[in-house]
Engineer: 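Sharing a structure, written as structure tokens. Questions coming.
These numbers come from a predicted model, not from an experiment. Proteins get letters first, then strands, A, B, ... in listed order; numbering begins at 1 in each.
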Protein chains: 2
Amino acid sequence: MSAGSQRGATARSRTRPTRAETRARVLAAALEVFGERGIAASTVSDVAAAAGMTKGAVYSSFASKDELVLAMMEEHAMQRLSAALAGFAEADDPQAAISRVGTVLVDAIRSDAVWHRLLAEYFALTHHDPSTRLALRNRRRESRDAVARALTRLSENLGVALPLPADQFAVVLFAISNGLGIEAGIDSDAVPDELFGSVLALIGRDFLVAAEQRWAVAASAALPRRDRRGQVRQDPA
Amino acid sequence: MSAGSQRGATARSRTRPTRAETRARVLAAALEVFGERGIAASTVSDVAAAAGMTKGAVYSSFASKDELVLAMMEEHAMQRLSAALAGFAEADDPQAAISRVGTVLVDAIRSDAVWHRLLAEYFALTHHDPSTRLALRNRRRESRDAVARALTRLSENLGVALPLPADQFAVVLFAISNGLGIEAGIDSDAVPDELFGSVLALIGRDFLVAAEQRWAVAASAALPRRDRRGQVRQDPA
DNA sequence: TCGTCTCGATACCGATGGGTATCGTATTTC
DNA sequence: GAAATACGATACCCATCGGTATCGAGACGA
């Protein structure tokens, strides 16, 4: 009936999006709206509207607002983690690996101001609900472990010890990233672009210096390693 | 005014608390309730009840929930700042000053987990309201400046350059404190007590070493100050 | 092409909670 | 001590928002 039915053999033009499409659209809208207005301050209808739909659509894909929020956080956390890990990714050249880590982490701050706001609110919001709280904790743990493993591998590849135990170093990376992200969110003038890099350089100075020497040595020839006390080499950073 | 032998000191058996008292009680209750259940999740009545009063009392002292929240944050931020600065306080012995800074900052994390949650939520909550946002930004700026000044003074007293420009160093301190606080709030096992100290030691290692040397020199004899350009003069962009 | 099922729009409900009007009483003023 | 005032409790208002019931229309199998 109706004017429909023209989605004949070839064009296959759906007039109605598939379930997955809707879900994706809603999640994207959720990220946008929650990120802009805040989770608590946004209504389900707001999100729906931003996705070009109505509440009904949202509730047909998500059981509750909480679940929508959870799904949105999971989704984006996943993306962020894999992006971060991609930075570490098997780079044959350790130098490249190091510089990539820096790059990734650095613009993680600026580009994802929204994410830092969201995480901050979610962290606070979540505190009273044990199950959500555990979910966040476990997700955070996984992420940290992944980063810690990457750090360990990096350290082993270079044959240089990390400035801190890998797991603690991972925590510190998260903390600084998040902390600077929040400071930047409060007062963007206060956080120059290179600040994260500077801090990392300070924390990892010995590591970087040693890595550089090792690499240089390895590159120049198969020389036995020289003394590593070149304490204040000016190069890094 | 003239005739009134107005409320003679405190001994007066008042059946009704003074305005300032109620305000203080409400603010204390607000800190407690908001900190526990979250700002958005708490109602004005909750806060009032925790203070042993009703909504009416709150609204007779604060124009709106927002204003109550703002006042509570201001109040506590003030306390925190002065506590932190007390750590820097005119210590004749620079060594003591340094170690105090460490101590203060370290247990600022553990002891004030609540504060970190609050700040996180407030930061997120505040983002959509320009005036509150500016208030937070300015308050944050003042705090940073105060810390930066203290750092500068410390550096001058010791005659040793800071690892970073004072204002940036201040930001980093705030960020790490807050960041680690949040991580600890999410997963307390992940943040060992000494982590903040370790990171600070890494960041400020040269500073600490140089300070120690200088102090040792100064202590050993009343020597005129020696050249200050020691090997540690590294100060990257 | 028809029947069935799924998805999403519309309309609605009920609770929650911020905010207000009012009144009684303690405090202050004269 | 009486009048004026300030403060806080009580009762109330109503906008908002999460969630639900229902129904029409598009998708899909036969």
Engineer: Give me the residues of residues 42-52 of chain A where at least one heavy atom lies under 4.0 Å from an atom of DNA chain C, by number, or none.
Structural biologist: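 Residues of residues 42-52 of chain A that come under 4.0 Å of DNA chain C do not exist, since none gets that close.
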
Engineer: Atom CZ in Phe207(A), atom CG in Leu200(A): separation rounded to 0.5 Å?
Structural biologist: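 Answer for the CZ-CG pair, Phe207(A) versus Leu200(A), is 11.5 Å.
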
Engineer: Could you tell me the separation between the CZ atom of Phe62(A) and the C1' atom of dG18(D), rounded to a whole number of Å?
Structural biologist: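 Spelled out: CZ on Phe62(A) to C1' on dG18(D) is 16 Å.
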
Engineer: Any salt bridge linking Asp46(B) with Arg37(B)? Criterion: basic side-chain nitrogen under 4.0 Å from a carboxylate oxygen.
Structural biologist: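 Arg37(B) and Asp46(B): salt-bridged.
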
Engineer: For Met53(A) and dT6(C), what is the distance between atoms CE and P respectively, to the nearest whole Å?
Structural biologist: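 Distance, rounded to whole Å: 18 Å.
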
Engineer: How long is the straight-line distance from CG of Asn178(A) back to CG of Asp112(A), given to the nearest 0.5 Å?
Structural biologist: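 Rounded to the nearest 0.5 Å, the CG-CG separation comes to 11.0 Å.
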
Engineer: Check every atom of dG19(D), dG19(C), dG8(D) against the side chain of Ser64(B) and return the nucleotide holding the closest atom.
Structural biologist: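 For the Ser64(B) side chain, the nearest candidate turns out to be dG19(C).
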
Engineer: For Asp66(B) and dG19(C), what is the distance between atoms CG and C1' respectively, to the nearest whole Å?
Structural biologist: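 Atom CG in Asp66(B) sits about 12 Å away from atom C1' in dG19(C).
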
Engineer: Which value, rounded to the nearest 0.5 Å, describes the distance between Leu125(A) atom CG and Met73(A) atom CE?
Structural biologist: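 Result: 9.5 Å between the selected atoms.
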
Engineer: What is the distance, rounded to the nearest whole Å, between atom CD1 of Ile39(A) and atom P of dG18(D)?
Structural biologist: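 Computing the Ile39(A):CD1 to dG18(D):P distance gives 12 Å.
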
Engineer: For dG8(C), does either OP1 or OP2 sit under 4.0 Å from a side-chain N or O belonging to Thr22(A)?
Structural biologist: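 Result: yes.
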
Engineer: Please round to the nearest 0.5 Å and tell me the distance separating atom CG of Leu164(A) and atom CG of Leu195(B).
Structural biologist: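 So the gap between those two atoms works out to 6.5 Å.
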
Engineer: Rounded to the nearest Å, what distance is computed from the OH atom of residue Tyr59(B) to the P atom of nucleotide dC23(C)?
Structural biologist: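 It is 21 Å, rounded to the nearest whole Å.
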
Engineer: Are the side chain of Ser61(B) and the backbone N or O of Val58(B) linked by a donor-acceptor pair below 3.5 Å?
Structural biologist: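 Not at all, since once roles are kept as given, no pair shorter than 3.5 Å links the two residues.
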
Engineer: Whole Å only: how far is the CD atom of Glu21(A) from the C1' atom of dT6(C)?
Structural biologist: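 Computing the Glu21(A):CD to dT6(C):C1' distance gives 15 Å.
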
Engineer: Is it the case that the side chain of Ser155(B) and the backbone of Leu151(B) share a donor-acceptor pair, with hydrogens and angles ignored and the cut-off at 3.5 Å?
Structural biologist: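 Flag not set: sc Ser155(B) to bb Leu151(B) has no pair under 3.5 Å.
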
Engineer: Using salt bridge (charged side-chain N to carboxylate O under 4.0 Å, His left out), reason through Glu156(A) and Arg153(A) one step at a time and then give a plain yes or no.
Structural biologist: CA-CA 5 Å; Glu156(A) 283 169 356; Arg153(A) 224 174 41 229; over 6 Å; no

Engineer: State whether the side chain of Ser177(A) and the backbone N or O of Leu173(A) hold a donor-acceptor pair below 3.5 Å, judged by distance alone.
Structural biologist: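 Absent.
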
Engineer: Calculate the interatomic distance between Arg23(B) atom CZ and dG8(D) atom C1'; express it in whole Å.
Structural biologist: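 Distance, rounded to whole Å: 16 Å.
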
Engineer: What does the list of N/O pairs under 3.5 Å between the protein and nucleotides 10-14 of chain D look like, with a distance for each?
Structural biologist:
none

